[in-house]
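Only this structure's heavy atoms are used, side chains among them; waters, hydrogens and symmetry mates stay out. In the text below, chain A, chain B and the rest are named by the order of the sequence lines, each starting its count at 1.
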Amino acid sequence: MRDEDVDDVMALLAEAVRQWPSPAVTIVSQREGNPFKVLVSCILSLRTQDRTTGPASERLFALADTPATMLALSREQVEGAIYPVGFYRNKAAQILEICRILVEQYDGRVPDDMGRLLSFRGVGRKTANLVITLGFGKPGICVDTHVHRICNRWGYVRTGTPEQTEFALRAKLPGQYWLVINDYLVTFGQNHCTPLSPRCSTCVLGRFCDRIGVTKHR
DNA sequence: AAAACGGGGGC
DNA sequence: GCCCCAGTTTT
């Protein structure tokens, strides 16, 4: 994919993702404007399939949906609510630790800058960028493995790590696409342009794609 | 039964 | 950069 193809690809992508109702990322999108829910949802989704984190986070938020109230929960309560996301002890402990810091040092509010977000254990660039963009509506690019894989598969960027992809996209992706690329590409990556067996033969973006790193395809 | 999945931390 | 982290889902 060449730079001048961006508008065409984004339009085709928007059309393509419409065939998958209630995409998994919508679960996270529904947290829009609520940085705390975005943050907790992201912690739950670490190294798990996104589909499972929606119901799990709903159960947790039914018990508590602010740092102060969630801090009052026991680790066992949190662990029980978030089945079946896995990594229960780590995730429950990290969430409660973040709640404690938010209450004690940040007046119960989630900070809106990269530096402070990254200081929390369990928060990396993907989570921080999602909090900044979805939670606070500020500019940012959230690169998960889907975004990283697909942008490289297209040949739009040539990078080795998601962080490099983030910086490459920040430098070249037109600003009007920053807030939608993650939503589109995650949906697209989960349903069509999958890691192992992308459906290249039925892909509307075929003529724009370099298929870099594609080993098998149907 | 086995392989795929997926962000972050520690070194 | 490399290795590790645990448990659910898919093949």
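One atom, CD of A:Gln164, and another, C1' of B:dG7, lie 16 Å apart when rounded to the nearest Å. Counting to the nearest Å, the C1' atom of B:dG9 and the CD atom of A:Glu163 are 14 Å from each other. The distance from atom CD of A:Glu79 to atom C1' of C:dA6 is 13 Å, rounded to the nearest whole Å. Atom-to-atom, CG of A:Leu44 to C1' of C:dG7 comes out at 14 Å; the value is rounded to the nearest Å. Atom-to-atom, NZ of A:Lys91 to C1' of B:dG9 comes out at 15 Å; the value is rounded to the nearest Å. If you measure from atom CG of A:Asn90 to atom P of C:dC4, you get 17 Å, rounded to the nearest angstrom. Taking atom CD of A:Gln94 as the reference point, atom P of B:dG8 lies 10 Å away to the nearest angstrom. Rounded to an integer number of Å, the gap from A:Phe87 CZ to C:dT8 P is 10 Å.
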Between the protein and nucleotides 1-5 of chain B, list every N/O to N/O distance that falls short of 3.5 Å.
residue, atom, partner, partner atom, Å
B:dC5, O3', A:Gln49, OE1, 3.2

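Electrostatic pairing of A:Arg158 and A:Asp210 counts as a salt bridge here, judged by a charged N lying under 4.0 Å from a carboxylate O. A salt bridge links A:Arg31 to A:Glu58: at least one charged side-chain nitrogen sits closer than 4.0 Å to a carboxylate oxygen.
Using a 4.0 Å heavy-atom distance criterion, A:Asp144 is classed as a sugar-phosphate-only contact.
For A:Tyr83 and C:dA6, the shortest distance from a side-chain N or O to OP1 or OP2 is not below 4.0 Å.
The main-chain N or O of A:Phe188 is never found under 3.5 Å from a side-chain atom of A:His146 such that the two would form a donor-acceptor pair. Side chain of A:Arg75 to backbone of A:Ala93: no donor-acceptor contact under 3.5 angstrom is found. Using a distance-only test at 3.5 Å, with no hydrogens or angles considered, a donor-acceptor pair links the side chain of A:Lys91 to the main chain of A:Leu44.
Only the C1' atoms considered, B:dG9 is 22 Å distant from C:dT8, to the nearest whole Å.
A donor-acceptor pair shorter than 3.5 Å can be found between the side chains of A:Thr66 and A:Thr69.
Using a 4.5 Å cut-off on side-chain heavy atoms (C-beta onward), A:Gln190 and A:Trp20 make no contact. Looking at heavy atoms from C-beta onward, A:Ile181 lies out of side-chain contact with A:Cys142 at the 4.5 angstrom threshold.
Looking at residues 115-127 of chain A, you'll see A:Phe120, A:Arg121, A:Gly122, A:Val123, A:Gly124, A:Arg125, A:Lys126, A:Thr127 sit with a heavy atom under 4.0 Å from some atom of DNA chain B.
Considering only residues two or more places apart in sequence or on other chains, A:Lys172 meets the side chain to side chain donor-acceptor pair (under 3.5 Å) condition with A:Asp3. Every residue meeting the salt bridge (Lys or Arg N to Asp or Glu O under 4.0 Å) condition with A:Glu4, not counting sequence neighbours, appears here in chain and number order: A:Arg2.
Base-pairing analysis of DNA chain B finds the following stems of at least three consecutive Watson-Crick or G-U pairs, with both pairing distances under 3.5 Å: B:1-5 with C:7-11, B:7-11 with C:1-5.
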Could you list the donor-acceptor pairs under 3.5 angstrom formed by side chains in residues 117-127 of chain A, with sequence neighbours left out?
residue, atom, partner, partner atom, Å
A:Ser119, OG, A:Arg116, O, 2.5
A:Arg125, NE, A:Glu166, OE1, 2.8
A:Arg125, NH2, A:Glu166, OE2, 2.8

